Amino acid sequence: FRLTECNKKKIDAEAVSKLYELDRVQERSSQFGEEVFIEHILSYIGTEKKYVVELLDYGEQYFSNFEYLMQAKGYSGIIISPDSESQFAKRHAIIAENIIPLLRTYKVPEIFDALSIDLNGNDYWVLEKVLEHYRPNLIVAEFNSSRADSVAIKYDSRFKWNNDDYYGFSFEAAKKLAEKFGYYIIFQNDELNLYMVAKEHIEGSFIECSFTQKNYHAHNPNGEWVTV
């Protein structure tokens with residue numbers, strides 16, 4: 001990617017601190033009013049293209065972080081999901097092997113404003129593949145707060161989530177992935193979603209974002225985790 005620091009809009013620690021003061025609106029499309037956080041961050045780092053991409057698993061169509069932005073705020077983009085009925089959706093199951101061909105088929109620009117990913121499974125491996133080829137300025141990613149170590153589930157293209165705690169990747173794994181590709185985690189909400197911003201949109205230093213270990217789902221003792 002041909003990136004430059006010149007004339008880039010940036011977010012600083014003061015702007016990030018305001019995220020904790022925002023009132024969320026629950027009647028929009030996201031699960032916990034995440035649009036409020038997303039719009040706040042984008043207001044600082046800019047929306048050069050007003051283009052967003054969302055990657056969803058089965059059953060996640062009612063928890064879209066970007067549906068409202070596309071419906072009401074003039075954003076363009078796509079939602080890739082195997083079962084979404086959104087007018088913005090392209091119906092495909094997502095695996096690491098097909099995500100880049102899909103994004104190229106739908107002519108997603110290499111640099112765009114925001115990516116949201118909630119696959120309840122191979123999220124780490126799909127996100128890693130995306131970042132090898134694309135650079136969203138903001139990434140909103142579900143993380144698995146039941147794990148304190150740096151792990152992701154073992155990749156399996158046939159994986160189906162069983163509504164337990166074997167899914168996705170940990171916060172520590174996300175930190176390493178962010179560092180690998182030049183991002184910084186500035187915020188998380190509800191021990192559920194984390195927000196990575198490309199470092200060219202970061203101004204100054206930040207207090208490191210943290211989380212409290214929490215298990216939203218029944219424990220699966222048989223899941224095979226990979227240290228990353």
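What you see is a predicted model, and the numbers here were worked out from it, not measured in a lab.
- Atom OG in S145 sits 6.0 Å away from atom OH in Y216 (nearest 0.5 Å).
- In terms of heavy-atom proximity, G121 sits nearest to F159 at CA-CE2, 3.4 Å.
- In terms of heavy atoms, I185 sits closest to A178 at CG1-CB, 4.3 Å.
- Using a distance-only test at 3.5 Å, with no hydrogens or angles considered, a donor-acceptor pair links the side chain of N122 to the main chain of D156.
- Distance alone, capped at 3.5 Å, places no donor-acceptor pair between the D57 side chain and the D118 backbone.
- The environment of K50 atom NZ is dense: over 12 non-hydrogen atoms of other residues, nucleotides or ligands sit within 6.0 angstrom.
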Verdict with supporting geometry, L55 and L127, side-chain contact (heavy atoms from CB on, under 4.5 Å): CA-CA 10 Å; L55 309 178; L127 180 55; over 6 Å; no
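- Looking only at distances, a side-chain donor or acceptor of N98 sits under 3.5 Å from a matching main-chain atom of A93.
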Verdict with reasoning, N163 to H217, per side-chain contact (heavy atoms from CB on, under 4.5 Å): CA-CA 7 Å; N163 202 33; H217 306 284; 3.7 Å; yes
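- Note that CE of M196 and CD1 of I41 are 12.0 Å apart. Values are rounded to the nearest 0.5 Å.
- Not counting sequence neighbours, E203 has no partner by the salt bridge (charged side-chain N to carboxylate O under 4.0 Å, His left out) test.
- In terms of modelled atom types and a separation under 3.5 Å, the side chain of Y166 and the main chain of E224 share a donor-acceptor contact.
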Residue pair F211, F143: steps toward the ring pair (Phe, Tyr, Trp, His ring centres under 6.0 Å) verdict: CA-CA 11 Å; F211 78 104; F143 70 98; 5.6 Å; yes
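- For the 3.5 Å distance criterion, the side chains of Y167 and D123 fail to qualify, holding no donor opposite an acceptor.
- L102 places none of its side-chain heavy atoms less than 4.5 Å from the side chain of K90.
- Between K180 and E128 there is a side-chain heavy-atom pair separated by less than 4.5 Å.
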side-chain contact (heavy atoms from CB on, under 4.5 Å) assessment of Y58 paired with N120: CA-CA 9 Å; Y58 288 96; N120 295 326; over 6 Å; no
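- Under the 4.5 Å side-chain heavy-atom criterion for Ile, Leu, Val, Met, Phe, Trp and Tyr, V130 and I153 are members of distinct hydrophobic clusters.
- Two different hydrophobic clusters hold I117 and W161 under the rule that ILVMFWY side chains link at heavy-atom gaps under 4.5 Å.
- A pairwise comparison of heavy atoms in V108 and I78 identifies CG2-CD1, 4.0 Å as the closest pair.
- Only one option out of Q31, E34, E142 pairs with N193 in a side chain to side chain donor-acceptor pair (under 3.5 Å); it is E34.
- Looking at heavy atoms from C-beta onward, I11 lies in side-chain contact with V16 at the 4.5 angstrom threshold.
- There is a side-chain donor-acceptor pair under 3.5 Å between E54 and S64.
- Linking Ile, Leu, Val, Met, Phe, Trp and Tyr residues whenever their side-chain heavy atoms come within less than 4.5 Å leaves I207 and Y44 in two separate clusters.
- Residue K9 comes nearest to S43 through the heavy atom pair NZ-O, 3.5 Å, listed as atom of the first residue, atom of the second, then distance.
- Atom CD1 of I94 is separated from atom CD1 of I80 by 5.5 Å, given to the nearest 0.5 angstrom.
- Under the 30°/60° scheme for interplanar angles, the aromatic rings of W125 and Y155 are found to stand perpendicular.
- Residue L192 holds its CG atom at 6.0 Å from CZ of F32, rounded to the nearest 0.5 Å.
- With a 4.5 Å cut-off on side-chain heavy atoms, K175 and E208 count as touching.
- When the side chains of ILVMFWY residues are joined at heavy-atom separations under 4.5 Å, either directly or via intervening members, Y124 and V226 end up in a single hydrophobic cluster.
- A heavy-atom distance below 4.5 Å is found between the side chains of I79 and L56.
- Between Y195 and F37, the ring planes are perpendicular. Angles over 60° get that label, and only those under 30° would be called parallel.
- With a 6.0 Å radius and a threshold of 12 heavy atoms from other residues, nucleotides or ligands, E48 has its CD atom at or below the threshold.
- The NZ atom of K176 sits 13.5 Å away from the CZ atom of F169 when rounded to the nearest 0.5 Å.
- Classification of E132 and K129 as a salt-bridged pair holds, one side-chain N sitting under 4.0 Å from a carboxylate O.
- Contact annotation: the side chain of L138 never approaches that of D113 to less than 4.5 Å [non-hydrogen atoms, C-beta and beyond].
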Working for side-chain contact (heavy atoms from CB on, under 4.5 Å), residues N189 and R24: CA-CA 11 Å; N189 72 275; R24 296 188 237 184; 3.8 Å; yes
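- A pairwise comparison of heavy atoms in Y51 and P109 identifies CE2-CD, 3.7 Å as the closest pair.
- Connection of L115 to I100 is established within a shared hydrophobic cluster, with ILVMFWY side chains joined at heavy-atom distances below 4.5 Å, either directly or through further cluster members.
- Although no hydrogens or angles enter the test, the distance criterion places a donor-acceptor pair under 3.5 Å between the side chain of R91 and the main chain of S84.
- Note: E35 CD to E67 CD = 9.5 Å, rounded to the nearest 0.5 Å.
- H92 and Y106 share a side-chain donor-acceptor pair at under 3.5 Å.
- Note that R135 lies in the cation-pi zone of Y183, set by a 6.0 Å cut-off to the ring centre and a 45° limit from the axis.
- No side-chain donor-acceptor contact under 3.5 Å links Q188 to the backbone of C209.
- The main-chain N or O of S30 is never found under 3.5 Å from a side-chain atom of N65 such that the two would form a donor-acceptor pair.
- Between the side chain of K214 and the backbone N or O of D190, no donor-acceptor pair lies under 3.5 Å.
- Under a 3.5 Å cut-off, the side chain of Q213 and the backbone N or O of S146 do form a donor-acceptor pair.
- Proximity of a side-chain donor or acceptor of S150 to a complementary backbone N or O of V228 within less than 3.5 Å is detected.
- A heavy-atom distance below 4.5 Å is not found between the side chains of F181 and I139.
- Annotation: side chain of E39 is in contact with side chain of L69 (closest heavy-atom distance under 4.5 Å).
- Taking each heavy atom of K199 and Y184 in turn, the nearest pair found is CG-N, 4.3 Å.
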